[in-house]
Each structure stands twice: as C-alpha cells, then as structure tokens.
Amino acid sequence: MRLRNKKWASGWLAEHNDLVIDQERATGLQGNWQTIFEKTQPIHVEIGTGKGQFIIGMAKKYPEINFIGMEIQESAVAVAARKAAEDEVALPNLKFIFGDGAGVETYFTKGEVAKIFLNFSDPWPKSRHETRRLTYKTFLEGYQSVLPAGGELEFKTDNRGLFEYSLYSFANFGIKFDPAGISLDLHNDADKMVDNVATEYEEKFSAQGFPIYKFVGSFE
C-alpha cells in the first residue's frame, strides 16, 4: 500500500542524507557500509521498511547490531527516517536506503549483510506476477549473494497464500530451516513472541484476528 504523497519528504530527505542514503550513493557504498556507522557491527537489512516501526524497534532493542531499512517509496522512507531522527533514543546503529530492494546485490558484497528481514511484502497474488514476489527464486539468489554461509532470512506475513508459496520456494532453493523456526499463528505462540518486534501491519492484522505467519531459515 502506497502512502499519500508527503510534500515535505523530498526536502527533508535532502537535508538528512547522512541518515537516508539515496540509491546512487548506496551502490557506491558496496563493500564499505561499516564506514558510515559509529561502530563496526553485524549488519541486518529490512527490505521494504514502510513507516519504520519494525526497524526502529530493532535498532533500539539490539544496539550491538547495525540496521538498514530499505524502502522505495519516498514518502514512506521519509516518514520512517524522521520518526527515527525524532526518537528520544539516539540510534547511531540505524540507516535507511531510499531505493529499490529488488537488486540488493548491487548495494552489498558477499557476507556484508548477516541477516535479511522481509515483513508483510506485497503478495502479488496473480500467477502472472509470481516473479515480483520477494520470495521468488531470483530474489532469493540476490539475498544469497550478500549473506555469508549460514546467513539468515526472516519472513513474516498475514497472507496464507504467500506464506505457503514462500515455504515451497524456500525449500526448492535449499534454504535450511528448523520446524521450530516456523509459526502459523505467531501472536498465539508465547515462546516466539518473547523477542518479537511488530510492524505496523502486523499489529493491525493481528488486532483484526488474522494469524501472523513467520519463517526463519538460513542459506548455505
């Protein structure tokens, strides 16, 4: 879902290019992302960060990890970044990329990213749009190209059809997973909710009674 255009977004992003990296600059940082963070730490990336609730929550919860939120919508990335900038907690371990997450391998080198998050991605339900799903094999190839051996992929959705499709896609690609890393109703699984950081969509759909599906697996 696209946000309404924020007239202030373009100007705000131009003034905060230390926090939000545009697509052109991001490609130039390939292999050198640690240089823009205060500390050298593992990097975790969320593809499609939306309004930023998840990535901000993760950066606050895990200061020992550097986080990057990728978002293609100008208004969304501006809302997320401004929220982070105005948070009462300083977040030197958080940056954003204003760019297309479809080519993640153009931004990072092999092993530069330790973990990737996909949260409530567009399900693209029509079969002719299969190649646009972020869990399609060509996207998985991109994730594998930036993760180290054993690097993790975490996926959450409210869409059962997309979840079932994704499990099949992950299995065919050879992604390893423990059955304990799968939840068919996350918010009714007390053990898995202990460290859960929710997205805006997750809270909305869960409140409406929809089950939240979650998968965690690793690439060889």
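Nothing here was measured: the structure is a model prediction, and the numbers come from that model.
- No side-chain donor-acceptor contact under 3.5 Å links Thr138 and Glu141.
- Here the side chains of Val146 and Ile116 are in contact, with some heavy-atom distance below 4.5 Å.
- For Lys115, the NZ atom sits in a packed shell: over 12 heavy atoms of surrounding residues, nucleotides or ligands are nearer than 6.0 Å.
- Remark: Phe215 pairs with Phe170, Phe177 by the ring-ring contact (aromatic ring centres under 6.0 Å, His included) rule, at least two apart or across chains.
- Across Leu134 and Ser121, no two heavy atoms sit closer than the pair CD1-OG, 3.7 Å.
- Residue-environment remark: NZ (Lys176) stays at or below the threshold of 12 foreign heavy atoms within 6.0 Å.
- In this structure, Phe163 and Phe155 have parallel ring planes: the angle between them is below the 30° cut-off, well short of the 60° mark.
- Tyr107 meets the ring-ring contact (aromatic ring centres under 6.0 Å, His included) test with no other residue; sequence neighbours excluded.
- A donor atom on one side chain and an acceptor atom on the other are not found under 3.5 Å apart for Ser127 and Glu130.
- Listed by first then second residue, pairs satisfying salt bridge (Lys or Arg N to Asp or Glu O under 4.0 Å) with a partner in residues 206-220 read Glu154-Lys214, not counting sequence neighbours.
- In this structure, Lys204 does not pair ionically with Asp158, as no charged nitrogen and carboxylate oxygen lie closer than 4.0 Å.
- The nearest pair of heavy atoms linking Leu162 to Asp122 is CD2-O, 4.4 Å.
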*Please walk me through it: do Gln30 and Glu112 pass side chain to side chain donor-acceptor pair (under 3.5 Å)?*
CA-CA 9 Å; Gln30 188 178 42; Glu112 193 168 20; over 6 Å; no
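- Judged as a side chain to side chain donor-acceptor pair (under 3.5 Å), and not counting sequence neighbours, Lys95 has no contacts.
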_Between His187 and Glu202, is the side chain to side chain donor-acceptor pair (under 3.5 Å) condition met? List the steps._
CA-CA 9 Å; His187 285 233; Glu202 182 176 346; 2.7 Å; yes
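- Considering only residues two or more places apart in sequence or on other chains, Asp195 meets the side chain to side chain contact (heavy atoms under 4.5 Å, CB included) condition with Lys61, Tyr62.
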*When you look at Phe219 and Ile175, which way does the side-chain contact (heavy atoms from CB on, under 4.5 Å) test go after all the steps?*
CA-CA 5 Å; Phe219 290 82; Ile175 294 176; 3.6 Å; yes
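- In this structure, the side chain to side chain contact (heavy atoms under 4.5 Å, CB included) partners of Thr106, at least two apart in sequence or on a different chain, are Thr27.
- A salt bridge links Glu200 with Lys83: the closest approach of a Lys/Arg side-chain nitrogen to an acidic carboxylate oxygen falls below 4.0 angstrom.
- Every residue was checked against the ring-ring contact (aromatic ring centres under 6.0 Å, His included) condition with Phe139, not counting sequence neighbours, and none meets it.
- Qualifying side chain to side chain contact (heavy atoms under 4.5 Å, CB included) partners for Lys192, counting only residues two or more places apart in sequence or in other chains: Ser183, Leu186, Asp189.
- Every residue two or more places apart in sequence or in another chain was checked for a side chain to side chain donor-acceptor pair (under 3.5 Å) with Asp100, and none qualifies.
- Closest approach of Glu152 to Leu147, counting heavy atoms only: O-CD1, 3.9 Å.
- The side chain to side chain contact (heavy atoms under 4.5 Å, CB included) check on Ala59 picks up Phe67, Leu91, Asn93, Leu94, with sequence neighbours excluded.
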Review item, side-chain donor-acceptor pairs of residues 8-21, under 3.5 Å, at least two apart:
residue, atom, partner, partner atom, Å
His16, ND1, Trp12, O, 2.8

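- More than 12 non-hydrogen atoms from other residues, nucleotides or ligands lie less than 6.0 angstrom from CD of Gln208.
- Tyr136 meets the ring-ring contact (aromatic ring centres under 6.0 Å, His included) test with no other residue; sequence neighbours excluded.
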